[in-house]
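Starting from 1, each residue takes its place in the sequence as its number. As the structure lists them, so they are numbered: ligands from 1, and atoms in each ligand from 1.
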Amino acid sequence: MMTFQQQVAEGIPAQLPAVKPYPADANRAPKRKDILTKAEKQLAVRNALRYFPADWHAELAVEFARELNDFGRIYMYRFKPDYAIKARPISDYPAKCQQAAAIMLMIDNNLDPAVAQHPEELITYGGNGAVFQNWAQYRLTMKYLSEMAADQTLHMYSGHPMGLFPSSIEAPRVVVTNGMMIPNYSKPDDWERFNALGVTQYGQMTAGSFMYIGPQGIVHGTTITVMNAFRKVLPKGESPKGKIFLTAGLGGMSGAQPKAGNIANCITVCAEVNPKAATKRHQQGWVDELIDNLPTLITRVKQAQAEQEVVSIAYIGNVVDVWEAFDEHGIFVHLGSDQTSLHNPWSGGYYPVGVSYDEANRLIREEPELFKAKVQETLKRHAAIVNKHTAKGTYFFDYGNAFLLEASRAGGDVMAQNGIDFKYPSYVQDILGPMCFDYGFGPFRWVCTSGNAADLDKTDAIAAEVLKRLMAQAPAEIQQQMQDNITWILDAKQNKLVVGSQARILYADAEGRAEIAQAFNEAIARGEIGPVVLGRDHHDVSGTDSPFRETSNIYDGSRFTADMAIHNVIGDSFRGATWVSIHNGGGVGWGEVMNGGFGMLLDGSAEASNRLKSMLFFDVNNGIARRSWARNQEADFAIRREMARTPKLQVTLANRVDDELLNQLPF
Ligand SMILES: NC(=O)c1ccc[n+]([C@@H]2O[C@H](COP(=O)([O-])OP(=O)(O)OC[C@H]3O[C@@H](n4cnc5c(N)ncnc54)[C@H](O)[C@@H]3O)[C@@H](O)[C@H]2O)c1
């Protein structure tokens, strides 16, 4: 029996492994579209076989053809290693440099069955967020990492490890690209085709960059959003108690909404068409109550309003029915949103009203055109009823799920009068953009690589200490954000957010991130904690160019460009990142976004201290500079403050133009 270390270092095994039964309890990825021609299917199998010696080809060719026919992809199931895949303590990994071991730990966390959505298919979240395309890529990558010297770099093309190249100690150990397409080949069906061929993958944001930390990341972002949305609509100081937040989706990420609503102190009503998803969230304690009929829902909600309760209620059914029933019964909705998966509208991301869940699933498989027509009709009806509520004063925002985009494409009444913008803001336009991103606040995270919960406790305490110190000198503009994050970190342990690796998230600005990281590095040097991996969600100040989400509050026309995300990864890579990644896809869909990120190992050394200062500074201020150039007032404030602190930072500032002058021009 080989040890874990020997198996990791083995790569493609010397003997053809036996076929494995599919684990009975695994959540299998949906069958993908059958899109390839016969010649392309042959090419897909030829591509897959290049990982293996020729004398295995006859047997594997038949097996891979079957996988392609049955599931639309070749996952190479039999090559999945026999050891349990999960984040182990960093010292367990066979490696010649600690940075490589840290990356192995992060990869394994993304594929841990307790963390990943479809672990057998190497999918971490979002239905298609892949770490690798197949198990051969996983094995080879782990082998390369186990052999990597501190002056080599592994270049990874959409899960495929192209190889180890000589570089330098200062260079990143791994460079990851996912789904980088020639722009004209970046439509959803191009993903289906080229992913089936085995030449590209959908990395989502933190799946293909090895930075996923389970549901904690999304709970935090959703809490920040709901809390700030209430602050926006309520008179200063008024509590959200007894006020309604109506939304939909209790899936992978949307399932965070009720928990966030409870932390924000409101009544959350969250519709979910899939009874299994709703029941699972209820059993996990993420939503307080389950109701499956409208009369009971109406009575219960009126009671919760009367008693000013903080409660979250899952309604099993279609969200459009809830909006319509609330209108009919005069229930006022303070906040409205939606987190159905409209980045994937035609294959189960969004369910039509008036059709049972099972019947809708049959239509997807057997009558896709009819299903599409029903989705479009529902989107129009959905938009119409939201409009009715907002006319009465509801604040509705798009939650980054492409609701407004798809409703507009379906002909729903969601366009503003100018015919260009939407009637409603996205959560970034009104909330996260001006309140967080433009000031540099974003989802900074870290992982304690020792695997010890005690290390996480110590890092929580260090982070709280640093934030309190910084808050004492912070300007009024960012006091609220600082306070929210201090509260978050103080409560984090009792909220039991860890799933998988010992990870934590909090929103911090450039100064906060660097100061926290520096304090961690010093604690590591003193031997108080083990090495720490730093990272962040790609959904951040600088990481993501996404015109309908992260950069939807950019109004100078540049939101359809992706220069910021590209500068982000290139700039981070030569300032000390341990790995960098850039992806096409992310939460809003293939071809709709470019997002970049990094990982950085802190090992307590002086070099780590230099790297964190240089890289974290650029990683945040790149985005603030761009946001300020786009004339965002909060970013202008933040970048001027940073320039006053940092003499070597010189950013081109935008001059303001008088509207009158433009109005007089002869156009
Ligand atoms: N802005 C953000 O920070 C952010 C965060 C998380 C997710 N998102 C976006 O939100 C969407 C949801 O993500 P997810 O991981 O939860 O996806 P998911 O597919 O796991 O969950 C969506 C759920 O919506 C349900 N649903 C679909 N149509 C419905 C309808 N008409 N009525 C009621 N329920 C319906 C589905 O059954 C499913 O369970 C994605 O598009 C994602 O990109 C944005």
Is ligand 1 less than 4.0 angstrom away from at least one heavy atom of [X]?
X: Q117; result: no
X: G126; result: no
X: G127; result: no

In the protein, which heavy atom is nearest to [atom], and how far is it?
atom: atom 40 (C) of ligand 1; result: H343 ND1, 3.3 Å
atom: atom 20 (O) of ligand 1; result: G252 N, 2.8 Å
atom: atom 43 (O) of ligand 1; result: G587 O, 2.8 Å
atom: atom 11 (C) of ligand 1; result: T340 O, 3.4 Å
atom: atom 19 (O) of ligand 1; result: S341 OG, 2.7 Å
atom: atom 38 (C) of ligand 1; result: E272 OE1, 3.5 Å
atom: atom 2 (C) of ligand 1; result: Y427 OH, 3.4 Å
atom: atom 32 (N) of ligand 1; result: V319 N, 3.2 Å

[X] heavy atoms, cut-off 4.0 Å: which ligand 1 atoms fall inside?
X: Y350; result: 27 (C), 28 (N)
X: H539; result: 3 (O)
X: R549; result: 4 (C), 8 (N), 43 (O), 44 (C)
X: N274; result: 37 (O)
X: A271; result: 33 (C), 34 (N)
X: I218; result: 5 (C), 6 (C)

Angle between ring planes, Y507 versus H220, binned at 30° and 60°: parallel, tilted or perpendicular?
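The arrangement is perpendicular - the two ring planes meet at more than 60°.
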How are the rings of F132 and F210 set relative to one another: parallel (under 30°), tilted (30 to 60°) or perpendicular (over 60°)?
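Geometry flag for F210 against F132: parallel rings.
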Counting only N and O atoms by type, is there a donor-acceptor contact under 3.5 Å from the side chain of [X] to the main-chain atoms of [Y]?
X: Q117; Y: I123; answer: no
X: D190; Y: K187; answer: yes
X: H583; Y: N178; answer: no

G249, P352, G349: member with heavy atom nearest to atom 27 (C) of ligand 1
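The residue whose heavy atom sits nearest atom 27 (C) of ligand 1 is G349.
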For atom 12 (C) of ligand 1, which of E406, E550, Q339 has the closest heavy atom?
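It is Q339 that holds the nearest heavy atom.
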Check against side chain to side chain contact (heavy atoms under 4.5 Å, CB included), F326 and I298
CA-CA 7 Å; F326 280 14; I298 301 295; 3.7 Å; yes
Decide ring-ring contact (aromatic ring centres under 6.0 Å, His included) for F397 and Y399; before the verdict, give the C-alpha distance in whole Å, the side-chain angles of both, and the deciding distance to 0.1 Å.
CA-CA 6 Å; F397 60 96; Y399 212 152; 5.5 Å; yes
[X]-ligand 1 polar pair, N/O distance under 3.5 Å:
X: M253; value: yes
X: L250; value: no
X: Y357; value: no

Any chance you could lay out the side-chain hydrogen bond (donor to acceptor under 3.5 Å, both in side chains) test for Y351 and N274, step after step, and finish with the verdict?
CA-CA 9 Å; Y351 282 80; N274 179 350; over 6 Å; no
May I have the step-by-step check of side chain to side chain contact (heavy atoms under 4.5 Å, CB included) for F371 and E366, ending in yes or no?
CA-CA 9 Å; F371 180 79; E366 294 170 18; over 6 Å; no
When you check the gap from the basic side-chain N to the acidic O, do D398 and R549 get nearer than 4.0 Å?
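No, D398 and R549 are not salt-bridged.
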Taking atom CH2 of W323 and atom CG of N387, what is their separation to the nearest 0.5 Å?
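Going from CH2 on W323 over to CG on N387, the span is 10.0 Å.
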Just so I know, are the side chains of R627 and I554 near enough to count as touching, which here means a heavy-atom distance under 4.5 Å?
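Yes, their side chains come closer than 4.5 Å.
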R28 vs F71, test: side chain to side chain contact (heavy atoms under 4.5 Å, CB included). Steps then yes/no.
CA-CA 10 Å; R28 196 191 277 272; F71 310 115; 2.8 Å; yes
